[in-house]
Each structure stands twice: as structure tokens, then as C-alpha cells.
**Q** 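Have a look at this one before I ask anything.
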Protein chains: 2
Amino acid sequence: MWSGRAHRDGEIEGTVDVSIAEAGEFGLIARIVARLGSGPASLLGPGDDAALVAAPDGRTVASTDVLVEGRHFRRDWSSAADVGHRAAAANLADIAAMGAGPTALLVALCVPQDLDVAWAEDLAGGLSAEAGLVGAAVVGGDMSSSPTLTIAVTALGDLGGRPPVLRSGAQPGDIVALAGRTGYAAAGYTVLSRGFRTPKVLVEAYRRPAVPYAQGPAAARAGATSLIDVSDGLLQDLGHVATASVVGIDVRRDAFDVPDQMRDAASALGVDPHLWLLAGGDDHALAATFPPGAALPEGWREIGSVHEGTGVTVDRKPWQGGAGWDHFR
Amino acid sequence: MWSGRAHRDGEIEGTVDVSIAEAGEFGLIARIVARLGSGPASLLGPGDDAALVAAPDGRTVASTDVLVEGRHFRRDWSSAADVGHRAAAANLADIAAMGAGPTALLVALCVPQDLDVAWAEDLAGGLSAEAGLVGAAVVGGDMSSSPTLTIAVTALGDLGGRPPVLRSGAQPGDIVALAGRTGYAAAGYTVLSRGFRTPKVLVEAYRRPAVPYAQGPAAARAGATSLIDVSDGLLQDLGHVATASVVGIDVRRDAFDVPDQMRDAASALGVDPHLWLLAGGDDHALAATFPPGAALPEGWREIGSVHEGTGVTVDRKPWQGGAGWDHFR
């Protein structure tokens, strides 16, 4: 845990091009802590053996996600701030996907010795800014040198007295609904991997997902029977809901309009845009099921239905377009 | 966050010599989750977007520590279970050092593709067993492949209605006290680094610290004015207390008897054993200050005093034996 001495020594300069080896552990921590804010749930932030976070519900929602350079991000494709936004978003979305409101982040950062201190500072700025979107803050962390740049983030959240919305509650007859975008990040990734930098809307979506955080608690309040963060791809993540709920799920392809810029990019790159929309990950949309006849909260749209059976289909047929992302393949 | 499908597929075999590349992400997660237990605070464990942990106090204590292969552990010096014990202990000790009782761990695990699945399973077993010592459990985590074996652990805890015991509360006139051992892990590290495997008590102390977890809450109940986990070395960590509390701390060298096996090893290796006792880290003893005249709880012993001033001295003189551990040097 970040130590008290570090955030008190105050020797924070504006210098760039200082490597982490030169700044030292405590120097680096001081610079990073200076970039963090505070939130209403931050009862005690960095500087002691542990942080203290408000948990008014009497329960804490907690989730961990790790990003590894070369696997989850590339420094030539994303700025440090972008990586910070994305690392925070991946975790905060998991909290929202329980129907909870995020309260705090903790960050374990492993950095090569020759990394610029400015990169680590900007990463902290991105993490802090994304957390700030939902009133959360980075309350603690740890740091080590490592040959592999690695960012492990833990997010905490509060349910506000509501039960958590699990993956296992979908019932035959339920509506399947979506909040937020799908396909944008995957399209942006494909664009970047082919050496392009535009369309900007797609590339930016890959760099910094626009997560509909508030739609998690909104779905919970509206009676969602199941809820999940779309991180691996819509069909794969709905597959987790189908398995956990022991139901089948059908998605309507015509519920997905192809945005113009995605259509143009798909055409230029020779890709079926529905592959991005239905199987692309990393946008961190939220998918939920609601009882039949439920009034969907604003920001949610119907995309399919739950039936007795198993697995996920598109227009009642098996999907042939490829699956989501397994980080080991 | 570990997904629901993984812990439900049940395809857990007893096979060894399966690499992680062969087992795949979901296969590996299933095997790891099978090694985890549950605790009284585990309201919802692995399998959904996030875990749910009891926080009866209405606040959650949270701390993160990361272990990187080659920097914090070596696979030829420590078994996978040892590394699990140590990774958990480093975090659980931070919770105890706030005066809190640990409730849950979350683990981000980055593994090379050629790692044996059995290693990861045994790591999970060690993490779970160490957490079980304090009634906590591993409730969630994430996994990625990485060239560098990395284990980031977040521990959560509950204060049971007490205020946290910070580093900043020491007052001139206070007693400085210690619970647990110092020097053993550092001695074990030195023994291993010189190519030896004995004395076993030292080597084992390096592999698996014996942390006096219960002494954290006990110190809090007894009115400790400050409390810290000794992870970097006693003098360095008391330095954090001195800085945060704006006081000076003096440690009595004669409060530290040199155990026979440590004396023998020190003699054989040409090391001053007080370097281990006063500046060696990784045993995760707890150091605290108590008001003058306080009755120390069982398990605590007086080792020094707090005075007006700054910094840490040994027998009122500056320590010449070297400082603690900075992971960037």
C-alpha cells in the first residue's frame, strides 16, 4: 500500500523525461498521488497501510481487472491517459453491472524502470478522471518495477440497499435490453490494427469507452432480472447470462443499425459490421433482462428475448460470425 | 472479473503438466476457483461481474499489494503455495495494521502461457489457506497471460465500529511496541541468496511470514495511538510513523535478543544480525505506539519510546546499519 511518507514529501516537480529509475519509488508515488482526487466515499485515501471507503449499504461490491501491455493496450495506440480511462472503465462497469454505484478504486501498477514518470502521472490522471465521472476516486494502490507494464485495478461499489442484480435471474419470456454502444471499440481496434487512425469516433471508442454507468442502478431500480457488463462481446456475454440462468436467449439482428462511419470502415476493411456489433468487446455496454411488459428505463432498448432452452441465437439461428475474446488464444 | 461460465463448467481434472495455453482462460479459472473457499463475509463469491462482501461497520478498509516474479519472489526459492501465502499475508497485514479484521481478497493474476496449471492452482490454494487463517476468503479476481508472472492482491476488512488506527497518532511520551517477529524473513532471504537452504526456521519465515493478525484489532482495542505493518524494515516503517506523527522515535537495541539460529547464520554469513532485526522487511510484524502506562495486550512487547523531534534513532544514536527496501533500487 502506498506509504505515508511518499504523499507527504511534496517534492513534486513539473519535469518531464524523468525515468522511474531516477525518480525512485517514493518520488514516483508522490507524483502519482498528486494526480488523484477524492470522492464522497473516500474516508481515508492514500498514505496509510490501507484506505477507508464508505459502505453505507453494509455490503461492498468489489471487482478486479488487470490490463497488460501488448495484450490489452499498446502505448503507440493509446495515450497514458487513455489507458487510465480504460482501466478504470473496465472495473467501474463491473460495479455498475451488479446494479451498484462505484465508490473507489485501488490500483496496482507495475512499470518498467525506463518508463517516463510523466506516463505514470498521466495514467493516474486518466484513472482519476474516469472514476470522477461516477463520483468515485482512487483511494490507494501499490507500485513495483517490472519488465511488463501492468495495471491491476480493483473497484468498490455500494448497492444502496438494493439486492445485487446477478447473471442468473433471467426468466423465459423476459425482454433482453441493451444500454450503451457495442462494436465501436472492436471496430476501432481493427482500424488501428490495419494501420489507420480514422474514423476518429471508432478509434476514440477503443481508446476510451463511453460506459453507461448510471444505467446499472437504473436497471436494478426498474426490476432487471439479470445484468451483465459487455466486455467480451455481446453474444458471448449473453451466453454467460444464458448459462447462469439456464435459459436460451435470442437476439434480433435488426435491433442493430449499423452507424454510417462503422459501415464505411467495415466496407473499406472487408469486415461484416455485425461481427463488431454482436461479437466485439471492450465497449462496456450493459445488457439486462427485464420482465415481460416492463417499462425500460431511458437509455435502454430492446434487442431480444429470453426463452426456455440453452445458448444464444441471432434471429433464432446459431451465430456463424465468430465468438468473443479469450485472452489466452 | 472471473466469469460465471468458468466456475460452472465443472471440467476440473486432476491432471498435472497442463500448460495454461492448453487449459485456456476459462479452464484455468475453473481450476483456480475450485481451490478457493468461502468465509462468513463472502456474500457472493467468484462467478458474476463482481463479488459482494459484508461490511457491517458501514465502512470498508481496503489495501492493494503486488508481487512480481524476480523482484518479490523466485519460483526456485518458494513453492506456489508459499507465494500464495506470502501474497495474501502482505495484504492481510495491511488490514490488521489499521486495527481491522480482514474479510476478503481479490486477486489479479498474470501468468506466462507456459506456466503449469498446477502452479496456478497451488498458488490459489496458498492464497485461500492464508486468508482462511483470519476467516477471510478469495471472493474474486481476474486473469491474463503476461510474459511476467505477477500477482496483485486487494484485501478488504472491517473495523467493527472502531476508528482506524493511523500512522499519524503517535505522541511524545508514548511507548513503542512490537507484535510478531522481525529479521527472520530477511535472514532467510540472505541464506537463500547465498545458496543455502538452512536454517529451516529462517528460510521458512521468508517463504511464509507468520503474521500476528489478531494483534492489530487487539492493539486498537487497547488504545494504540498509531499502528503500522512492518513490511520494509522496522526502522524504515517506524520512520513513516515518525514522519506522519511529527515525532521522533527511539528504539532500544537491547529489546532485540538475537535468536540462536539467527546468530549462527549471521556468524556463518558475516552479517550483523541486528541489521536483520532492525532493518529487515517482509515478516509483517506490527509496530504500534501506546499511551504511557498503557497495559500492552498479550503478544506485544515494548521496544522503544516516542519523543519530541524527528526521525528514528537506536539507543538515541543514528542507525548506521543500512535502511529498508526500496523496490526501485
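Numbered from 1 within each chain, the chains take letters A, B, ... in sequence-line order. Just so it is clear, the values below take in all heavy atoms, side chains as well, and ignore hydrogens, waters and symmetry mates. Remember, it's a predicted structure, so these values are computed and weren't measured experimentally.
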**Q** What residue among B:Val153, B:Val107, B:Leu106 forms side chain to side chain contact (heavy atoms under 4.5 Å, CB included) with B:Val138?
**A**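 The residue from B:Val153, B:Val107, B:Leu106 that satisfies side chain to side chain contact (heavy atoms under 4.5 Å, CB included) with B:Val138 turns out to be B:Val107.
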
**Q** Check each atom of A:Leu67 against the heavy atoms of chain B and say whether the ones under 4.5 Å are side chain, backbone, both or neither.
**A**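 Interface part for A:Leu67: neither.
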
**Q** Quick check for you: among B:Gly70, B:Gly157, B:Pro147, which has the greatest number of heavy-atom pairs under 4.5 Å with chain A?
**A**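 Top option by heavy-atom pairs under 4.5 Å: B:Pro147.
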
**Q** At a heavy-atom distance under 4.5 Å, which candidate from A:Ala96, A:Ala97, A:Ala104 has the highest pair count against chain B?
**A**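 Most heavy-atom pairs under 4.5 Å with chain B: A:Ala97.
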
**Q** Please determine, among A:Gly58, A:Ala100, A:Ala242, the option with the most heavy-atom pairs under 4.5 Å with chain B.
**A**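 Max contact count across the listed options: A:Gly58.
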
**Q** In terms of heavy-atom pairs under 4.5 Å, which option from B:Val61, B:Val241, B:Leu156 contacts chain A the most?
**A**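 Looking at each of B:Val61, B:Val241, B:Leu156 in turn, B:Val61 comes out on top.
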
**Q** Who pairs with B:Thr60 by side-chain hydrogen bond (donor to acceptor under 3.5 Å, both in side chains), at least two apart in sequence or on another chain?
**A**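 Listed in chain order: A:Thr60.
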
**Q** Name the region of A:Leu43, side chain, backbone, both or neither, that has any atom closer than 4.5 Å to a heavy atom of chain B.
**A**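 The side chain, not the backbone.
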
**Q** In chain order, what residues pass the side-chain contact (heavy atoms from CB on, under 4.5 Å) check against B:Ala88, with sequence neighbours excluded?
**A**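 Scan of B:Ala88 (side-chain contact (heavy atoms from CB on, under 4.5 Å), adjacent residues dropped) gives B:Leu92, B:Leu105, B:Leu127, B:Glu130.
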
**Q** Below 4.5 Å from any heavy atom of chain A, which atoms of B:Val68 appear? Answer side chain, backbone, both or neither.
**A**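 Side chain only.
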
**Q** Backbone N or O of A:Leu149 within a donor-acceptor pair of the A:Ser146 side chain at under 3.5 Å?
**A**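 No, the answer is negative, given that no donor and acceptor are paired below the 3.5 Å cut-off.
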
**Q** Tell me which of these, B:Asp65, B:Leu159, B:Leu44, B:Thr154, has more heavy-atom pairs under 4.5 Å with chain A than the rest.
**A**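 Looking at each option in turn, the highest pair count goes to B:Asp65.
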
**Q** Which of the residues A:Ala41, A:Ala93, A:Ser63 is involved in the greatest number of heavy-atom pairs with chain B at under 4.5 angstrom?
**A**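 Sorted descending by pairs with chain B, the first entry is A:Ser63.
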
**Q** Picking from A:Val117, A:Leu28, A:Asp116, what satisfies side chain to side chain contact (heavy atoms under 4.5 Å, CB included) with A:Val18?
**A**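 Of the listed options, the one satisfying the test is A:Val117.
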
**Q** Who wins among B:Ala62, B:Cys110, B:Ala155 for the most heavy-atom pairs under 4.5 Å with chain A?
**A**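 Going by pairs under 4.5 Å, I would pick B:Ala62.
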
**Q** Let me see the working for A:Ser245 and A:Ser226 under side chain to side chain donor-acceptor pair (under 3.5 Å), right down to the final yes or no.
**A** CA-CA 8 Å; A:Ser245 299; A:Ser226 75; 5.1 Å; no

**Q** Under 4.0 Å between a Lys/Arg side-chain N and an Asp/Glu carboxylate O for B:Arg74 and B:Glu69?
**A**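 No.
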
